[in-house]
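The chain is numbered in sequence order, starting from 1.
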Amino acid sequence: PHVPSPVISSVRFTFLGTGTSAGVPAIGCACPVCTSPDPRDRRLRTSALLEFTDPGATPRAILIDAGPDLREQALRRAMTRLDAILFTHNHVDHTWGLDEVRRFNAVQNAPIDVYADAHTDEHLRRVYTHIYERDRNVNDSFVATLIPHRVRPGVPFDLHGLRITPVPLLHGRLPVLGYRIEPADPAAAPPGPVLPLAYCTDVSAIPTESWALLTGLSTLVLDALRDRRHPTHLTLEQALGIAERIDASRTLFVHMSHDLGHAQTTARLQASGHAPRMALAHDGLTLGADHSCAAE
């Protein structure tokens, strides 16, 4: 009898945070977006969670970046497991929540795999000496247990039935990573409502060699800071141009500042004909296996 191939199933992708490094509302700001009653205008620092069932029928959870809001994000999402973290780059708003993952070690009684390029790995080892060089701690205190892995741009690796390809990007003059995520066995898991997905936050330019890694996407997640130009981030107009060229089934923008109100920007995207195929993400938005989006 025919035995079906194991598949990746129950895929859910949640935007834990969609804000810039200062978050929204920004401290000390009384602008219309920072004082907005719309919950979609409250943006924690940018991060995301991919949940799925692997080919062995084990639930899995992969975090993209671990910023300073991770504890609040994990509580909002009611996270109870974490198998791996993919780091895009070394900046504070993407790495300064790593200490929080020790609770998942305690809950799961297992270490957590951490994937980063050499530059970010060196940053993590410097900032989190108490984790990476635990034997030097004066007291044997409660710290995270991690398994570090160094990744190379453009070189894919497999993780729990997924193939993950680090995508070279530029964040101003700083080389950073996006991630292309898809089933390791395409025959066993055809394109769905979420995967293949490319996550590209903190971007100002896409190198020539990276465009080929951004084809055939169901979901593109892309930086769109504001309307005014910025040396290290895409403007909304630039992001729309890149989204049109990549032509994913759906593009969702992240890392927005308080210059972009959710309702007002959505109205602009609708008027220009970009919506609903291109839209602002918001904290708690989940792309689910049932082909729908749900705000939680």
Donor-acceptor under 3.5 Å (Ser47 side chain, Ile64 main chain): yes
Close side-chain approach of Leu195 and Phe52, heavy atoms under 4.5 Å: no
Exam field: side chain Thr53 to backbone Ser10, donor-acceptor pair closer than 3.5 Å: no
Check: Phe157 ring centre within less than 6.0 Å of Tyr115 ring centre: yes
Where Asp117 and Pro175 come nearest, the two heavy atoms and their spacing: OD2-O, 4.4 Å
Results of side-chain hydrogen bond (donor to acceptor under 3.5 Å, both in side chains) for Arg136 - residues two or more places apart only: Glu133
Set of side-chain hydrogen bond (donor to acceptor under 3.5 Å, both in side chains) partners for Ser36, sequence neighbours left out: Asp41
Full working for side-chain hydrogen bond (donor to acceptor under 3.5 Å, both in side chains) between His123 and Thr95: CA-CA 9 Å; His123 162 86; Thr95 61; 3.1 Å; yes
Arg125 side chain to Thr120 backbone, donor-acceptor under 3.5 Å: no
Main-chain N/O of Ser141 paired to Asn139 side chain as donor or acceptor, under 3.5 Å: no
Close side-chain approach of Val7 and Pro183, heavy atoms under 4.5 Å: no
Atom pair CZ/CZ of Arg76 and Arg71 - distance to nearest 0.5 Å: 12.0 Å
Same apolar cluster (I L V M F W Y, side chains within < 4.5 Å links), Leu177/Leu50: yes
Whether Asp54 side chain and Thr58 backbone form a donor-acceptor pair below 3.5 Å: yes
His171/His233 aromatic ring centres below 6.0 Å: yes
Any donor-acceptor N or O pair under 3.5 Å, side chains His149, Asp121: no
Test log, rule side-chain contact (heavy atoms from CB on, under 4.5 Å), inputs Val167 and Leu214: CA-CA 8 Å; Val167 179; Leu214 299 172; 4.3 Å; yes
Leu213 to Pro166 - nearest heavy-atom pair and separation: CD1-O, 4.3 Å
Any donor-acceptor pair under 3.5 Å from Thr165 side chain to Pro156 backbone: no
Under-4.0 Å salt bridge between Asp283 and Arg43: no
Value rounded to 0.5 Å, distance of CE in Met256 from OG1 in Thr46: 7.0 Å
Side-chain donor-acceptor pair present, Asp259, Ser257, cut-off under 3.5 Å: yes
Flag side-chain contact, heavy atom, 4.5 Å: Leu170 against Thr232: no
Rounded distance [0.5 Å steps], OH in Tyr199 versus OG1 in Thr88: 7.0 Å
Partner set under side-chain hydrogen bond (donor to acceptor under 3.5 Å, both in side chains) for Arg229, not counting sequence neighbours: none
Pair Arg126 + Glu122, salt bridge at N-O below 4.0 Å: no
Joint hydrophobic cluster, Val101 plus Met79, side-chain heavy atoms closer than 4.5 Å: yes
Minimum heavy-atom distance His262-Leu280, with the two atoms named: CE1-O, 3.5 Å
Carboxylate-amine/guanidinium proximity below 4.0 Å for Asp247 and Arg277: yes
All side chain to side chain contact (heavy atoms under 4.5 Å, CB included) counterparts of Ala279, not counting sequence neighbours: Leu252
side-chain contact (heavy atoms from CB on, under 4.5 Å) assessment of Leu63 paired with Leu70: CA-CA 10 Å; Leu63 180 69; Leu70 178 57; 3.9 Å; yes
Over 12 foreign heavy atoms within 6.0 Å of CZ, Arg152: no
Polar side chain donor-acceptor pair, Thr286 to Thr14, under 3.5 angstrom: yes
Distance-minimising heavy-atom pair for Pro168 and Gly154: CD-N, 4.2 Å
Interatomic distance, Asn90 atom CG to Leu124 atom CG [nearest 0.5 angstrom]: 8.0 Å
Salt-bridge criterion met for Glu51 and Arg77 (N-O under 4.0 Å): yes
Residue that, paired with Arg45, satisfies salt bridge (charged side-chain N to carboxylate O under 4.0 Å, His left out) out of Asp93, Asp65, Asp69: Asp69
Joint hydrophobic cluster, Leu285 plus Met278, side-chain heavy atoms closer than 4.5 Å: no
Run the side-chain donor-acceptor check on residues 237-246: report pairs under 3.5 Å with partners two or more places apart or on a different chain.
| unit_1 | atom_1 | unit_2 | atom_2 | d |
| --- | --- | --- | --- | --- |
| Gln238 | OE1 | Thr235 | N | 2.8 |
| Gln238 | OE1 | Thr235 | OG1 | 3.4 |
| Glu244 | OE2 | His274 | NE2 | 2.8 |

Residues Glu182, Arg180; criterion salt bridge (Lys or Arg N to Asp or Glu O under 4.0 Å); working and verdict: CA-CA 7 Å; Glu182 57 201 329; Arg180 180 188 177 102; 2.9 Å; yes
Parallel, tilted or perpendicular: rings of His89 and His91 (30°, 60°): perpendicular
Same apolar cluster: Tyr132 and Phe104, side chain cutoff 4.5 Å: yes
Qualifying residues under side-chain hydrogen bond (donor to acceptor under 3.5 Å, both in side chains), relative to Arg163, sequence neighbours excluded: Asp158
Between CD1 on residue Ile206 and CG on residue Asp223, distance to nearest 0.5 Å: 10.0 Å
Between Asp202 and His255, a side-chain donor and acceptor under 3.5 Å: yes
Leu234 to Ser204 - nearest heavy-atom pair and separation: CD2-O, 3.5 Å
Joint hydrophobic cluster, Tyr179 plus Leu169, side-chain heavy atoms closer than 4.5 Å: no
Residue pair Asp83, Asp113: steps toward the side-chain contact (heavy atoms from CB on, under 4.5 Å) verdict: CA-CA 6 Å; Asp83 295 283; Asp113 291 293; over 6 Å; no
Main-chain N/O of Val194 paired to Thr219 side chain as donor or acceptor, under 3.5 Å: yes
CG-OG1 distance between Leu225 and Thr20, expressed to the nearest 0.5 angstrom: 5.0 Å
side-chain contact (heavy atoms from CB on, under 4.5 Å) between Phe13 and Ile181, worked out: CA-CA 11 Å; Phe13 186 83; Ile181 304 172; 5.6 Å; no
Over 12 non-hydrogen atoms of neighbours within 6.0 angstrom of CZ in Arg60: yes
Closest contact, heavy atoms only, His258 versus Cys31: ND1-SG, 3.7 Å
